[in-house]
There are 4 protein chains.
Amino acid sequence: MSVFDEFLSTPEMLELFGAPSMLQSMLDFEAALARAEADAGLIPQGAADAIAGACRVEEFDVAAIVAASRGAGSLAIPLVKQLTAAVARADAEAARHVHLGSTSQDVIDSALVLVTRRALGLLERDLDRLIEALFALADVHGEAPLLARTLLQPAQVVSLGFKVANWLAPLLRGRERLRAQAALALQLQLGGAVGTLSVLGAHGPAVARRMADALRLRLPDAAWHTQRDEWIALGAAVGVLCGSLAKLARDWSLLCQGEVGELAEPSDKGRGGSSAMPHKRNPVASMLALAAGQRVPLRVAALLATMAQEHERGLGNWQAELAEWAQLFGAAHGGLKALADAATLGLEVDAARMRENIERQHGLVYAEAVSARLAATLGKAHAHARVEAWSRTVAREGRPLRAVAEAELAADDAGRRIIAAADWPVLFDAELAAEPARRLAAAQLDALRERWRAAMGARDA
Amino acid sequence: MSVFDEFLSTPEMLELFGAPSMLQSMLDFEAALARAEADAGLIPQGAADAIAGACRVEEFDVAAIVAASRGAGSLAIPLVKQLTAAVARADAEAARHVHLGSTSQDVIDSALVLVTRRALGLLERDLDRLIEALFALADVHGEAPLLARTLLQPAQVVSLGFKVANWLAPLLRGRERLRAQAALALQLQLGGAVGTLSVLGAHGPAVARRMADALRLRLPDAAWHTQRDEWIALGAAVGVLCGSLAKLARDWSLLCQGEVGELAEPSDKGRGGSSAMPHKRNPVASMLALAAGQRVPLRVAALLATMAQEHERGLGNWQAELAEWAQLFGAAHGGLKALADAATLGLEVDAARMRENIERQHGLVYAEAVSARLAATLGKAHAHARVEAWSRTVAREGRPLRAVAEAELAADDAGRRIIAAADWPVLFDAELAAEPARRLAAAQLDALRERWRAAMGARDA
Amino acid sequence: MSVFDEFLSTPEMLELFGAPSMLQSMLDFEAALARAEADAGLIPQGAADAIAGACRVEEFDVAAIVAASRGAGSLAIPLVKQLTAAVARADAEAARHVHLGSTSQDVIDSALVLVTRRALGLLERDLDRLIEALFALADVHGEAPLLARTLLQPAQVVSLGFKVANWLAPLLRGRERLRAQAALALQLQLGGAVGTLSVLGAHGPAVARRMADALRLRLPDAAWHTQRDEWIALGAAVGVLCGSLAKLARDWSLLCQGEVGELAEPSDKGRGGSSAMPHKRNPVASMLALAAGQRVPLRVAALLATMAQEHERGLGNWQAELAEWAQLFGAAHGGLKALADAATLGLEVDAARMRENIERQHGLVYAEAVSARLAATLGKAHAHARVEAWSRTVAREGRPLRAVAEAELAADDAGRRIIAAADWPVLFDAELAAEPARRLAAAQLDALRERWRAAMGARDA
Amino acid sequence: MSVFDEFLSTPEMLELFGAPSMLQSMLDFEAALARAEADAGLIPQGAADAIAGACRVEEFDVAAIVAASRGAGSLAIPLVKQLTAAVARADAEAARHVHLGSTSQDVIDSALVLVTRRALGLLERDLDRLIEALFALADVHGEAPLLARTLLQPAQVVSLGFKVANWLAPLLRGRERLRAQAALALQLQLGGAVGTLSVLGAHGPAVARRMADALRLRLPDAAWHTQRDEWIALGAAVGVLCGSLAKLARDWSLLCQGEVGELAEPSDKGRGGSSAMPHKRNPVASMLALAAGQRVPLRVAALLATMAQEHERGLGNWQAELAEWAQLFGAAHGGLKALADAATLGLEVDAARMRENIERQHGLVYAEAVSARLAATLGKAHAHARVEAWSRTVAREGRPLRAVAEAELAADDAGRRIIAAADWPVLFDAELAAEPARRLAAAQLDALRERWRAAMGARDA
């Protein structure tokens, strides 16, 4: 719609939901309807041929249809009018069979399903690219020790592979969730005026079956004009995926901060500059995904709120749903593609900086380990309180935790026995501290790769 | 963005927030910046002339700017590049003064303010049309008795004028709220990289003042890169107006129901038909306003959620805000213009049907009046219980309340004294029952017309 | 929280997410943790017994824990302190083993999972009651012809069973969706400070497995402190179910309108009265479900928006998620239970009024059938235009469509041949017009009953 | 509602919107109604005394009223019943005059207005504390140079006072916005069943005037049962304030990061610890305000979405509005009070760390200044490109920008003339770089203090 939507979405997705694409899908529906009705003996084969032959959007006045739709209350009404006229020019007799038994919402819903199938293809394409790139990142830099942060405070030491595994797992699950829900939601809509297909008489079910086959769509149990649950559940699955993407983008953006400096988005020509500050290197992929992360939840809310559609066809809510649906995919793809592009171009990892950030914590990131060691002798509560006090000393005096702790424990014999001299370096070693995370990450990444290979096999089969 | 946004918005509003319009406003900013800097002696007048002369969007490659913006992270960066190149072709020396001291967000925010001023003009234009048409409706049909409904149940009798006054008052207030908040929010944005205008040295304030004058924008106390409160409060005011419009559309749609039939949207050629059912006359204006009513609150939520912008300039949230802002206006105008068009073409009022719907309630709409009369003798609680019981009899047996009540009270002398024979017709008269509403409506409409005349005076002054 | 939440939710659900219930579940987690650690040889069995023995919320100062939680930033911190003190009073040695290796979020997330399992049980209980009652409604009144409405306008004739089937199908699907997603989302949370369970060394996985068994929770692939996708997907499934409930409530509320009068919510003592109007019978169940339908989508949006949690544990977003989660279930159950109660008490169906509403449409609801019949001779576009014109005559003159159409067609021989005299009553017969809907409904209801029997078998197995 | 709402809100606000407080306010309405009706001669003074005397919530069965409200569809109905019974026990005659002419929504809306006035008082109290503390922060640490960040990247140098001024200004504006909108929105609700006060006959206006005086509420132009714009606009003003608070909390949380370390929330006993990590010092005030920042926008969206209320009284949407309203204030106060408490206890500012973070940027934060200097000779575009290239060298080689730039410019005579030797230290001096920000901040803080003094004068007058 606005230049900002162009900025935050992608040309591909905007094209998909634009007027020519949607109208062509509506025409595909009309062609399939005519063919199915001819096969069922409801209309002559010649008429079906004439109708199908006219179903090419290039020959329609798209702008006029869109302009007329506001007054008509539906895109389908002016389209069917133009289609009928176009068919009539070639074959007056055939024109009387256009759109037989169907209704506006049948055409629009089914067309949107067709377009959505392609939209999901775009999402999956870029999701796959992102996943591949993250696997590669774990391969190259996975072992590097990394500061874990909780509540935006330094916590303990993990490994980059551990972090990447935790980015990856929700993406693989999100991909599966999308596929599973798409299998349920990509359904033909064909119910006629009120969902009974009454005009087609006994032929209704057969026509629907043929159309579903022709368009490779699921045949629903019933028309779903105002029963939108499977459809909205698909939208929600896109929303959940975007949540996982926003989490990843949040992490990237925090790791890219100048004061952290552990990660940088790739900088090729024209990426992430500033019109004022020549030194800037802005994390624009994170930016786009974070923007999507702010917008998508509200699209899902809109979709859910539109579900209370009146009786056999809704007034206003269905129409709002269509527009929100398109925006959901636009925003989602804008964020996803940006992340996939950045990850594929290559994130820059600064392992030295990662190590430096660990070291700069005065050893506080080893506090839980020290506390756990003390707890064996002192009990958890007492140990925790003691290390908490030392930590305050560290913060106040800027001395390393190890020095503070050693000095305190050295004050009496009991203290000296709690931690043997040889154990101190072990407790305060980033590489050793990263080990539990590495072990977990190795197992988790193995399992994810297995799952990924299976997914790729299914995709390419 | 999608064909559905085209359907639910208006061509005018889409054009305003589209790339050429926004880029021209950005160029207007650059021209005003150069002129103000020349006036302040920061750059040569000739350079300012050369820059201002190049600021015509027709000579830019709009598609290339939009395409480059995603990677750059901002629309301003590729625009400034093209502008610099364009100026250089005419005057190489002048090119070095393009965009001096400013930053991307200055350009984009200020341009969006300029576009928003025009967007508010569109909203006000159609709001005024709607208000005028509603005043006319009250003039013609205001006295007609009308069934009031609470919780979607028949309640009592009011007048159409009473209902119209209650539609009008929030619209007049909404108009004033928009104007008042626009006066605060339509501000120049000019802060340079981090809000200090440091590059302009001591000249910063003078340059800002000149630009604000030239662009007829308010001069803010400080740059508002990440202090969005006045701006978002304007968005919220649009949201509140749309809430009042949705309330009106909800009422229209309910009054247009076949079973109610008291109101019909105008039916001219091509309005509100159905592709399946030739008899349909759908309330498409209500539909568009209800759709807006579902979408707009979520745009406002998005705007509020984007306010937590980081430090001196946000990452992702500002960008999301821009896009949501444009959509807010697109959706709002789609609904508002549809209502204004319908009201101006003329709503059809069926006063006979209004009367019939009152009569069909078996007199239950007079139950509170009867109860109030009984209460003088029996007390409120007892009277209420008694009429409640009679009402159940009415519902069960389909007899009119008056007959039930008269029969019950006639059973004993005390009862007969409570309501005199002559009072029964008075209690059950729609015209008389409408009187309190008529009186209130007359006073309220007078006051609203006064307010409206003052507003029109101010507008045209 | 407020009296209005008490009004719109249910006492059962409020109790579940209240402090005593949540703290008890947190204590259940601590008990299970201690036992699992004892079984793994990490702590003495006696300590585990002492800890488990102290895990009874009745012995805690709940108010003090809640009050301390705001400053502490977490409910778990003051709880663990009180627990440690309580254990210490009985067994000083055991106290040192409390909460070993775990972190606040482990306790709170796992406890919320336990509470949520019970919350889902409440939802399912009342969903099952609603489903049963709707099946019964279809059994008793399913054949009755009913006016179908599209865009809030009279459309064609269906049957009540057709409508009920369309209410039921999404509820059965919603039930399955909840079960399927619950099986994925009801997972143990156990990761320790940063998700690595590092304090437990090699014993971590074994402890986790034992705890999952003991608490009958799924064992996740990894800690999900900031990977909330399965969890939020469960919240979204609740949201989709509420959308289907809101659709049903919207239909009920419209059918209950005085001017429609086809349905009434049950009126027992104290239901749906008015403090002012003794005759009122408000559809309070619809009201509560519609209120839920307005609130729930925004809770889902909140959940999705909180997914962008920082690094290994979020700041603010996780905490917001917890509160929104509780409210989601509170609102959902408030609406669902109200509908289930009303449906079980018994909706009142007024079949005579349903028939009357069909008849009052002047035959316009048969317009599509007439048009379809004409189309065989005239072609669809021509037939549609002709019936559209007749419909305008009907609306203008108040004459029945049949009379208008017969008169028009009788004007010439060709016309007379299009519809034989004997066919007119067939085209304008409500019972016959309901047949396509009845056939579809019969098949759909059979399939739904089959699915329901299977679901009940699974539930009771 | 849930323990998490207790955690994220405040006891004071929860108490205000709880059942006893709301019911007492409803009783205050009933007492004022009776007195106003007695003054108008509608009921005996003795009856008014008896009614007013019974309006003490301590003597009501609050739990029973809440329990009955769900079935009744309104809190007012069971309350009025209990009140009538209570009055009757003292004075049977007086009982018949309870609630005369009013309706449930009059009572509940007016009571909520009364409660909201006190809720606004709580917000203002803590907002004032926060503002005072921020002024004090600027007094003490305002001159300290601080790294400005844009898009989460280091940008230039400002001063802490500049940042504080930008936190303060929206809070003062927010305070004024709340006051201005409260003056419009805190209105009496009194319309009777359908807004006409018909039962009170000609006395309606006088009764309303007396009640408004007695309750110190604005007298509205008309009942606003379904015209919620002024009311929702007040909710939106709370929402905008929370957006400004969330922005402040976002900044705090980022400045508190271990890797930044420029700010710390106060750590007193029990604040911000971790159950696992003894060294943690979590920014819990930021956490609570960020949580509010995520929840509040969706409450505002809910309020806006409920505005489409049907006819004279809404079904479901009004009820949803009430509950969302209470939550809005609960969440808002939870965040605001936490920030006020932390600011009042005292934020810890680490000016040394602020300086260190500037120094660690290799001089890149002076890049715009260098570029501006070069631009005088080379033009803006060329200068920008050159500094951009040097910045890449800095990033690649880790050498300071000054060294890179000096070396590059020294390579030829023209270069050497661009920046004189004496100018280099000036360009790369944090104190000097902070000057523009300090100047702006001084002026802005002066103006804000002036505004603040005026506000305090008005408050205490």
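Just so we're on the same page: letters track the sequence lines, and every chain starts at 1.
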- Item | Side chain, backbone, both or neither of C:L378 within contact of chain A (heavy atoms, under 4.5 Å) | backbone
- C:P436 to A:T196 - nearest heavy-atom pair and separation: CB-CB, 4.3 Å
- Taking atom CD of A:Q105 and atom CG of C:L151, what is their separation to the nearest 0.5 Å? 8.5 Å
- Message: Which one wins on heavy-atom pair count under 4.5 Å against chain A: C:V157, C:L152, C:T84?
- Response: C:L152
- Item | chain A contacts, top residue of C:P297, C:G293, C:A148 (heavy-atom pairs, under 4.5 Å) | C:P297
- Which one, C:K163, C:H97, C:R177, C:Q153, leads in non-hydrogen pairs under 4.5 Å with chain A? C:R177
- Let me know if C:A369 has heavy atoms under 4.5 Å from chain A in its side chain, its backbone, both or neither. neither
- Can you name the closest pair of heavy atoms from A:P170 and C:Q227 and give their distance? CG-CG, 3.6 Å
- Query: Hey, which of C:T226, C:T306, C:N166 has the most heavy atom pairs under 4.5 Å with chain A?
  - Reply: C:N166
- Query: In terms of heavy-atom proximity below 4.5 Å to chain A, should C:A433 be classed as side chain, backbone, both, or neither?
  - Reply: neither
Throw together a table of side-chain donor-acceptor distances under 3.5 angstrom for residues 232-247 of chain A, partners on residues two or more places apart or in other chains.
unit_1: A:K247; atom_1: NZ; unit_2: A:D251; atom_2: OD1; d: 3.1
unit_1: A:K247; atom_1: NZ; unit_2: A:D251; atom_2: OD2; d: 2.9
unit_1: A:K247; atom_1: NZ; unit_2: C:Q309; atom_2: O; d: 2.8
unit_1: A:K247; atom_1: NZ; unit_2: C:H311; atom_2: O; d: 2.9

- Task: Against chain A, label C:A443 side chain, backbone, both or neither, depending on which of its atoms sit under 4.5 Å from a heavy atom there.
- Result: neither
- Quick one: CG on A:D229 to CG on C:L172, what's the gap to the nearest 0.5 Å? 10.5 Å
- Message: Under 4.5 Å from any heavy atom of chain A, what part of C:R228 do you find: side chain, backbone, both or neither?
- Response: neither
- Message: Is C:S198 close to chain A through its backbone or its side chain, or both, or neither, when contacts mean heavy atoms under 4.5 Å?
- Response: both
- Note on the structure: Heaviest contributor of heavy-atom pairs below 4.5 Å to chain C, chosen from A:L254, A:L303, A:L298, A:I43, is A:L254
- Check each atom of A:A85 against the heavy atoms of chain C and say whether the ones under 4.5 Å are side chain, backbone, both or neither. neither
- Proximal component of A:E230, with respect to chain C [non-hydrogen, under 4.5 Å]: both
- Using atom types as modelled and distance alone, determine if a side-chain donor or acceptor of C:R313 lies under 3.5 Å from a backbone N or O of A:R149. no
- Message: Heavy-atom pairs under 4.5 Å with chain A: which of C:A302, C:G195, C:A447, C:A95 has the most?
- Response: C:G195
- Measure the CZ-NE2 distance between C:R96 and A:H384 for me, rounded to the nearest 0.5 Å. 16.0 Å
- Looking at CG of A:L448 and CG of C:D221, how far apart are the two atoms once the value is rounded to the nearest 0.5 Å? 7.5 Å
- Message: Heavy-atom pairs under 4.5 Å with chain A - which of C:G316, C:G174, C:G314, C:A375 has more of them than the others?
- Response: C:G314
- Message: Within this structure, what is the CZ-CG distance for the pair A:R439 and C:L197, rounded to the nearest 0.5 Å?
- Response: 11.0 Å
- Item | Shortest non-hydrogen contact between C:V199 and A:A372, atoms and distance | CG1-CB, 3.9 Å
- Item | Euclidean distance, A:L248 CG relative to C:M307 CE, rounded to 0.5 Å | 11.5 Å
- Under 4.5 Å from any heavy atom of chain A - which part of C:E435: neither
- Item | ring pair (Phe, Tyr, Trp, His ring centres under 6.0 Å) against A:W224, all qualifying residues, sequence neighbours excluded | A:W231
- Check: C:T150 and A:V194 side chains under 4.5 Å, non-hydrogen atoms: yes
- Task: Identify the two heavy atoms, one from A:R250 and one from C:A308, that lie closest to each other, and give their separation to 0.1 Å.
- Result: NE-O, 3.4 Å
- Heavy-atom proximity to chain A below 4.5 Å, by part of C:T377: backbone
- Part of C:Q444 lying under 4.5 Å from any heavy atom of chain A: side chain
